[in-house]
Amino acid sequence: MKVLSRKFYSRDTVCVARELLGKILVRKIGRQKLSGIITETEAYKGNNDPASHAAKKITERNKVMFGQIGKTYVYFTYGNHFMLNAVAKNEKNNAGAVLIRSIEPQNGIKSMIKNRKTSVISNLTNGPGKLTQAMNITKEQNNIDLTKNSLVFITDGIKPKKILKKPRIGITKGTEKLWNFSFQT
DNA sequence: TCGCAGATTGCCT
DNA sequence: GGCAATCTGCGAA
């Protein structure tokens with residue numbers, strides 16, 4: 001399986017969000033590998049996107065979104081949840097990232113069940129806070145390179161058939177943009 | 001089945 | 001001091 005190159009992420013954020021559907025998210029923990037097919041994503045830009053963390057100025061938390069393309073952006077919210085993003089943008093944007101909202105578990109399901117403390121497969125990784133918990137992704141995995149075979153990376157996967165466009169979830173601004181992408185496996 | 005509120009931390013104003 | 005790119009459980013119907 002081929003690891004996606006930096007070139008893949010060096011395009012328009014919305015375009016990358018759509019193309020990440022069907023790709024495989026891999027998390028290495030020691031000798032173990034956890035993986036899943038990406039089934040839902042959301043695009044967050046910098047300029048002109050009020051819903052994005054990077055809408056205003058650069059800060060200690062969001063600086064990764066302004067940084068190198070193809071890195072992870074992991075942040076903490078609501079007091080108990082981590083969110084996993086991939087930094088993606090073209091030369092026109094100063095910042096941008098794709099939120100991974102949902103995956104379908106492939107390898108290491110036993111470990112995911114252990115991490116999530118539930119045995120319902122369909123409830124393991126069907127939400128941004130859930131999948132980080134299932135894959136044991138925390139702040140420690142912030143700003144690491146997704147284009148190398150390291151702790152977290154994304155490889156080529158399957159081709160989604162029908163892609164659904166929806167408004168983004170959980171935000172109060174910028175809801176008119178249909179930048180949520182998903183598909184059924 | 002649906003809707004709502006509590007959890008709980010860190011960031012920004 | 002207020003609120004956030006969420007999840008879960010509980011109570012009502």
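Keep in mind that the numbers below use all heavy atoms, side chains included, and drop hydrogens, waters and symmetry copies. Model, not experiment: these values are computed from the prediction. The sequence lines fix the lettering, A, B, ..., with proteins before strands; numbering per chain opens at 1.
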Report task. Look at the side-chain N and O atoms of A/Thr59 and state whether any lies under 4.0 Å from the OP1 or OP2 oxygen of B/dC11. Result -> no
Query raised in the report: Is A/Arg18 paired with A/Asp12 through a side-chain N to carboxylate O contact shorter than 4.0 Å?
Result: no
Query - Ion pair A/Arg168/A/Glu42, N-O distance below 4.0 Å - result: no
Query raised in the report: With nearest nucleotides of DNA chain B determined for A/Asn80 and A/Lys139 from heavy-atom distances, which residue corresponds to the more 5′ nucleotide?
Result: A/Asn80
Query raised in the report: Looking at A/Thr132, A/Ile137, A/Thr77, A/Asn136, which hits side-chain contact (heavy atoms from CB on, under 4.5 Å) with A/Phe82?
Result: A/Thr132
Report summary line: Output field dot_bracket for DNA chain C (Watson-Crick or G-U, both distances under 3.5 Å, | for other-strand pairs) contains ||||.|||||||.
Query - Separation of the C1' atoms in C/dC3 and B/dA5, to the nearest angstrom - result: 15 Å
Report task. Please confirm whether A/His53 and A/Tyr75 have ring centers closer than 6.0 angstrom. Result -> yes
Query raised in the report: Pick the nucleotide of DNA chain C nearest each of A/Thr118 and A/Met65; which residue has the one closer to the 5' end?
Result: A/Met65
Query raised in the report: Which part of the nucleic acid, if any, lies within reach of A/Arg168 when heavy atoms closer than 4.0 Å are counted: base, sugar-phosphate only, or nothing?
Result: nothing
Requested in this report: Tell me what A/Leu99 touches on the nucleic acid: a base, only sugar-phosphate, or nothing, going by heavy atoms under 4.0 Å.
Outcome: base
Query raised in the report: So does A/Asp145 pair up with A/Arg6, basic N to acidic O under 4.0 Å?
Result: yes
Report task. Identify whether any heavy atom of A/Gly129 sits under 4.0 Å from a base atom; if not, whether one sits that close to sugar-phosphate; answer base, sugar-phosphate or nothing. Result -> sugar-phosphate
Query - Exercise: do A/Thr185 and A/Glu104 side chains pair donor with acceptor under 3.5 Å - result: yes
Query raised in the report: Without hydrogens or angle criteria, can the side chains of A/Asn123 and A/Lys130 be said to hold a donor-acceptor pair below 3.5 Å?
Result: yes
**Report entry** Position toward the 5' end of DNA chain C (nearest nucleotide), A/Ile169 or A/Gln133
**Finding:** A/Ile169
Report task. Enter the distance from A/Gln32:CD to A/Asn107:CG here, rounded to the nearest 0.5 Å. Result -> 9.5 Å
Report task. Send over the distance from A/Glu60 CD to B/dT9 C1', rounded to a whole Å. Result -> 17 Å
Report task. Using the side chain to side chain contact (heavy atoms under 4.5 Å, CB included) rule, take A/Thr147 and A/Ile154 through it: C-alpha gap first, then chi angles, then the decisive distance, then the call. Result -> CA-CA 7 Å; A/Thr147 65; A/Ile154 299 175; over 6 Å; no
**Report entry** Euclidean distance for P, B/dG6 against C/dG2 (whole angstrom)
**Finding:** 16 Å
Query raised in the report: Earliest and latest nucleotide of DNA chain C, 5' to 3', sitting under 4.0 Å from a non-hydrogen atom of chain A?
Result: C/dA4 to C/dT8
Requested in this report: Please work out which residues in residues 81-95 of chain A have a non-hydrogen atom less than 4.0 Å from an atom of DNA chain C and list them by number.
Outcome: A/His81, A/Met83, A/Asn85
Query raised in the report: With no hydrogens and no angle check, do the side chains of A/Asn47 and A/Asn93 hold a donor and an acceptor under 3.5 Å apart?
Result: no
**Report entry** A/Thr155 side chain to A/Met1 backbone, donor-acceptor under 3.5 Å
**Finding:** no
